[in-house]
Student: 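Have a look at this one.
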Amino acid sequence: MSKKQFIVTKVLPLILCLFVIIADQVTKSIVVKNIPLHGDFTAPIEEREITVAGDYIQLIHVRNNAIAFSLGSGLSDTARVILFKVLVLIVIAAVFVIYFRNNEFTKLQRWSICGILGGGLGNLIDRFFRPAGVVDFIDCWFPKKLIASGRWPTFNVADMAVVICGGLFILTFIMQIIHDMKMNKKAKGKADE
C-alpha cells in the first residue's frame, strides 16, 4: 500500500474519530457549565430541564459512573476502575491496532470503526477526568409499554456515535453476507449449465 493509499484509506477516517471526540466534549462542557445536575433540586425546574421538542426530547445534566443503562453502578470503585477505565482503554487500543493492521475493511467499515472509537474515547475522557462520572444530557420520551419510566436512558454525543456507527458496521457485514450469497448462487447457476 502506497503512502497516499495509506493516508486516504486508514488515516482520513480518523477525522470522524476526532470530530466525535470534539463534539462530545464541547457539548458536555456546555451542559456542565449551563445546566445544574438533575438531582440539584435547589435550581428551578426550568434550569434543570431544557425542553427541545415538547416532552419528547429534553436536555438535562446527569452523571453516570457505570456503563450503558447504568450497568455496573453497584460495583465497587476498584471494580469500576478496572472494568470501565483500564479494560475499555485496552479494548480501544486493540481496536486501533486491528484497524491499522487489517487491509480487508471496506471504506464504510473503516469510517464506522472510527465513529465507534471516537465515541468510546469521548466517554473514556470523562471516566478519567470527570470524577462524578460520564456526562449524559439527552433525555428522550419512550412508550411506557416498553420502558416503565417512559424515558429512554439519558445519553450523549459519544453514545450516539457508538450506536449509529456500530449499527452501520453490523449492516456492512449483513450486506457482505447477502452479496456473497448472491455471488455463490450465481456461480452455482453457471456451474449447473
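Being a predicted model, the structure only gives us computed values, none of them experimental.
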Student: Report yes if some heavy atom in the side chain of I138 is under 4.5 Å from a heavy atom in the side chain of N156; otherwise report no.
Tutor: no

Student: Which atom pair, heavy atoms only, marks the closest approach of S112 to C165?
Tutor: O-CB, 3.3 Å

Student: With a 4.0 Å cut-off, would you call D55 and R151 a salt bridge?
Tutor: yes

Student: Using side-chain heavy atoms (C-beta onward) and a distance below 4.5 Å, is F137 in contact with H61?
Tutor: no

Student: Cation-pi check, K85 to F128: give yes when NZ or CZ is under 6.0 Å from the six-membered ring centre and within 45° of the ring axis, no otherwise.
Tutor: yes

Student: Of F142, Y56, W141, which meets ring-ring contact (aromatic ring centres under 6.0 Å, His included) against W152?
Tutor: F142

Student: Looking at C17 and L121, what are the two nearest heavy atoms and their distance?
Tutor: SG-CD1, 4.1 Å

Student: Check step by step if side chain to side chain contact (heavy atoms under 4.5 Å, CB included) holds for F155 and N64.
Tutor: CA-CA 9 Å; F155 57 96; N64 183 0; over 6 Å; no

Student: N102 and K10: side-chain donor and acceptor closer than 3.5 Å?
Tutor: no

Student: Using 30° and 60° as the class boundaries, would you call the ring planes of F100 and F96 parallel, tilted or perpendicular?
Tutor: parallel

Student: Looking only at heavy atoms, which two atoms of G122 and I21 are closest? And how far apart?
Tutor: N-CG1, 4.3 Å

Student: Would a single hydrophobic cluster contain both F169 and L14, if residues Ile, Leu, Val, Met, Phe, Trp and Tyr are joined by side-chain heavy-atom contacts under 4.5 Å?
Tutor: yes

Student: Check whether V31 and I60 end up in the same hydrophobic cluster, where Ile, Leu, Val, Met, Phe, Trp and Tyr are linked by side-chain heavy atoms less than 4.5 Å apart.
Tutor: no

Student: Rounded to the nearest 0.5 Å, what separation is found between the CG atom of D24 and the CZ atom of F19?
Tutor: 11.0 Å

Student: Would you check if R127 and I67 make a side-chain contact, meaning some heavy-atom pair closer than 4.5 Å?
Tutor: yes

Student: Regarding T172 and Q109, do their side chains bring together a donor and an acceptor under 3.5 Å, going by distance alone?
Tutor: yes

Student: With side chain to side chain contact (heavy atoms under 4.5 Å, CB included) as the test, would you mind laying out the steps for K28 and N123 before giving the verdict?
Tutor: CA-CA 10 Å; K28 288 174 179 175; N123 281 336; 2.9 Å; yes

Student: Under 4.5 Å between side-chain heavy atoms, hopping through other hydrophobics if needed: is there a path connecting V11 to I22?
Tutor: no

Student: Can you find a pair of side-chain heavy atoms, one from L59 and one from E49, that are under 4.5 Å apart?
Tutor: no

Student: Can you check side chain to side chain contact (heavy atoms under 4.5 Å, CB included) on R130 and V32, steps first, answer last?
Tutor: CA-CA 11 Å; R130 296 186 196 271; V32 168; 3.6 Å; yes

Student: Are L124 and L89 side-chain neighbours, meaning at least one heavy-atom pair lies under 4.5 Å?
Tutor: yes

Student: Hey, any chance V162 and L83 share a hydrophobic cluster, counting ILVMFWY side chains that come within less than 4.5 Å of each other, even indirectly?
Tutor: no

Student: Do L75 and F84 touch side chain to side chain, with heavy atoms closer than 4.5 Å?
Tutor: yes

Student: Would you compute the distance between atom CG of L16 and atom CD1 of I113 and round it to the nearest 0.5 angstrom?
Tutor: 11.5 Å

Student: For a 4.5 angstrom cut-off between non-hydrogen side-chain atoms, does Q25 reach D126?
Tutor: yes

Student: Restricting to non-hydrogen atoms, name the atom on R80 and the atom on N65 that form the minimum distance, rounded to 0.1 Å.
Tutor: CD-O, 3.0 Å

Student: What heavy-atom pair brings A158 and G119 nearest, and what distance separates the two atoms?
Tutor: CB-O, 3.2 Å

Student: Test of understanding: clusters of I, L, V, M, F, W, Y form through side-chain heavy atoms closer than 4.5 Å, transitively. Do V157 and V134 belong to the same one?
Tutor: no

Student: Are I50 and I35 close enough, and set up right, to give a side chain to side chain contact (heavy atoms under 4.5 Å, CB included), and what steps lead you there?
Tutor: CA-CA 8 Å; I50 298 172; I35 303 174; 3.6 Å; yes

Student: So, for V20 and A161, which heavy atoms are closest and what is the spacing to 0.1 Å?
Tutor: CG1-CB, 3.6 Å

Student: Let me confirm one number: the SG-CD distance from C140 to Q58, rounded to the nearest 0.5 Å.
Tutor: 9.0 Å

Student: Quick check for you: to the nearest 0.5 Å, what is the distance between Y99 atom OH and L117 atom CG?
Tutor: 8.5 Å

